[in-house]
*Asks:* 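Shown below is the structure under consideration.
Numbering of residues begins at 1 and proceeds along the displayed sequence.
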Amino acid sequence: LLFGSGGKGLMFWEWASMILALAALLFLINPGMRRNERILVFCCAALFVSIWIEKGLAMIIAGFVPSPLGRFTPYCPTIPELLISAGIYGIGALLITVFFRIFIKIKMAADEADS
């Protein structure tokens, strides 16, 4: 996947994933940079995107390219697959929203108790 295969494959995405992960690692090694919130946000976003690319593309799509016979078969997700993926992301967004609301209520209650 890193070097392509006959001009086909996911070479760009694999390199992008590696570069993002290495950049985040280099920034996080230095303790002074870890205390800078802007750099920390960049590192967290870079790691998230890197893992998303690696696990989303390399593990799923790469299973279809090439076939066991050595042929490249194009793959395009069907409507049900896209809808299932959208539903999973929607449930994740709903859970994050609910957890943030709970966290905010707990944080406000703790702040009131402190004052």
*Asks:* I'd like to check the ring-ring contact (aromatic ring centres under 6.0 Å, His included) partners of F42; sequence neighbours left out, ordered by chain and number.
*Replies:* F27
*Asks:* So which heavy atom on S50 is nearest to which on S17, and how close?
*Replies:* OG-O, 2.8 Å
*Asks:* Grab the two heavy atoms, one from L47 and one from A24, that are nearest each other, plus how far apart they are.
*Replies:* CG-CB, 3.6 Å
*Asks:* If you look only at distance, which donor and acceptor atoms sit under 3.5 Å apart when one is on a side chain in residues 104-111 and the other is two or more places apart or in another chain?
*Replies:*
none

*Asks:* Please report the interatomic distance CG(L40) to SG(C44), rounded to the nearest 0.5 Å.
*Replies:* 4.5 Å
*Asks:* At what distance, to the nearest 0.5 angstrom, does CG of L20 lie from CH2 of W15?
*Replies:* 13.0 Å
*Asks:* Rounded to the nearest 0.5 Å, what separation is found between the OH atom of Y89 and the CD1 atom of I84?
*Replies:* 13.5 Å
*Asks:* If two hydrophobic side chains count as joined below 4.5 Å and joins carry through other members, does I88 share a cluster with W52?
*Replies:* no
*Asks:* Hey, could you give me each pair passing side chain to side chain donor-acceptor pair (under 3.5 Å) that has a residue in residues 26-46? Not counting sequence neighbours.
*Replies:* none
